[in-house]
Amino acid sequence: NSRKNNFYLIAGTILLGLISRKIPYVPLFVGDVLYAVMMFFMVRFVFISKKMHWVAVMSLGICFFIELSQIYQTPWLNNIRQTLPGRLILGQGFLLSDLLAYFVGTLLVWLVAERFFNIKK
């Protein structure tokens with residue numbers, strides 16, 4: 001049941017993230033915050049029995065790894081990044097501000113889960 005809920009949260013977050021990129025007055029960082037939220041739900045989906053702080057650290061680590069990987073430029077990886085799935089998953093260019101957005105998104109979803117929904121594990 002909890003995995004099912006996480007699946008719906010992942011799908012909803014993806015939808016919100018895609019919509020946020022289509023609305024001109026929504027700041028770009030909102031999509032990056034939602035990317036971190038989505039990653040949190042994905043890690044939680046896979047590791048359903050882990051404590052929330054573990055999920056938060058792992059999901060933030062994945063987001064940081066993906067963002068830092070954008071510093072590495074090679075033709076084969078850039079070709080992947082030029083496809084729609086590659087752009088959505090791997091991004092296109094490193095931005096330090098994205099790391100801050102990922103931190104904010106992860107912190108927000110973690111606090112909401114623990115404080116408002118009392119989910120510790």
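FYI, the numbering just counts along the sequence from 1.
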[atom1] of [X] to [atom2] of [Y]: how many Å apart, nearest 0.5 Å?
X    : Y   : atom1 : atom2 : result
F65  : L60 : CZ    : CG    : 14.0 Å
I10  : M39 : CD1   : CE    : 9.5 Å
M38  : C63 : CE    : SG    : 7.0 Å
W110 : S59 : CH2   : OG    : 10.0 Å
I14  : L88 : CD1   : CG    : 9.0 Å

Is there a side-chain contact between [X] and [Y], using heavy atoms and a 4.5 Å cut-off?
X    : Y    : answer
L100 : L96  : no
F103 : L107 : yes
V37  : L108 : no
M58  : K50  : no

Are [Y] and [X] connected in a single hydrophobic cluster, I mean Ile/Leu/Val/Met/Phe/Trp/Tyr linked by side-chain heavy atoms less than 4.5 Å apart?
X   : Y   : value
V46 : F7  : yes
L28 : L99 : no
V57 : I62 : no

Can you name the nearest heavy-atom pair linking [X] to [Y], along with the distance?
X    : Y   : answer
F94  : Q70 : N-OE1, 3.3 Å
D98  : D32 : OD1-OD2, 2.8 Å
T106 : A56 : CG2-O, 3.5 Å
R81  : S69 : NH2-O, 2.7 Å
E67  : L95 : OE2-N, 2.8 Å
S20  : V30 : CB-CG1, 4.3 Å

Fill in: Stepwise side chain to side chain contact (heavy atoms under 4.5 Å, CB included) test for T13 and V109
CA-CA 11 Å; T13 306; V109 71; over 6 Å; no
Donor-acceptor contact present, side-chain [X] to main-chain [Y], <3.5 Å:
X   : Y   : answer
T83 : G86 : yes
Y72 : L77 : no
R21 : G31 : no
R87 : G91 : no

Worksheet item: If you draw the axis of the six-membered ring of W54, does the NZ or CZ of K51 fall within 45° of it and under 6.0 Å from the ring centre?
Response: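 Verdict for W54: no cation-pi partner in K51.
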Practice prompt. Any chance you could lay out the side chain to side chain donor-acceptor pair (under 3.5 Å) test for N6 and R3, step after step, and finish with the verdict?
Written response: CA-CA 5 Å; N6 276 284; R3 272 205 172 94; over 6 Å; no
Practice prompt. For I66 and Y35, run side chain to side chain contact (heavy atoms under 4.5 Å, CB included): C-alpha distance rounded to whole Å, both residues' side-chain angles, the deciding distance at 0.1 Å, then the answer.
Written response: CA-CA 11 Å; I66 290 171; Y35 185 87; 3.3 Å; yes
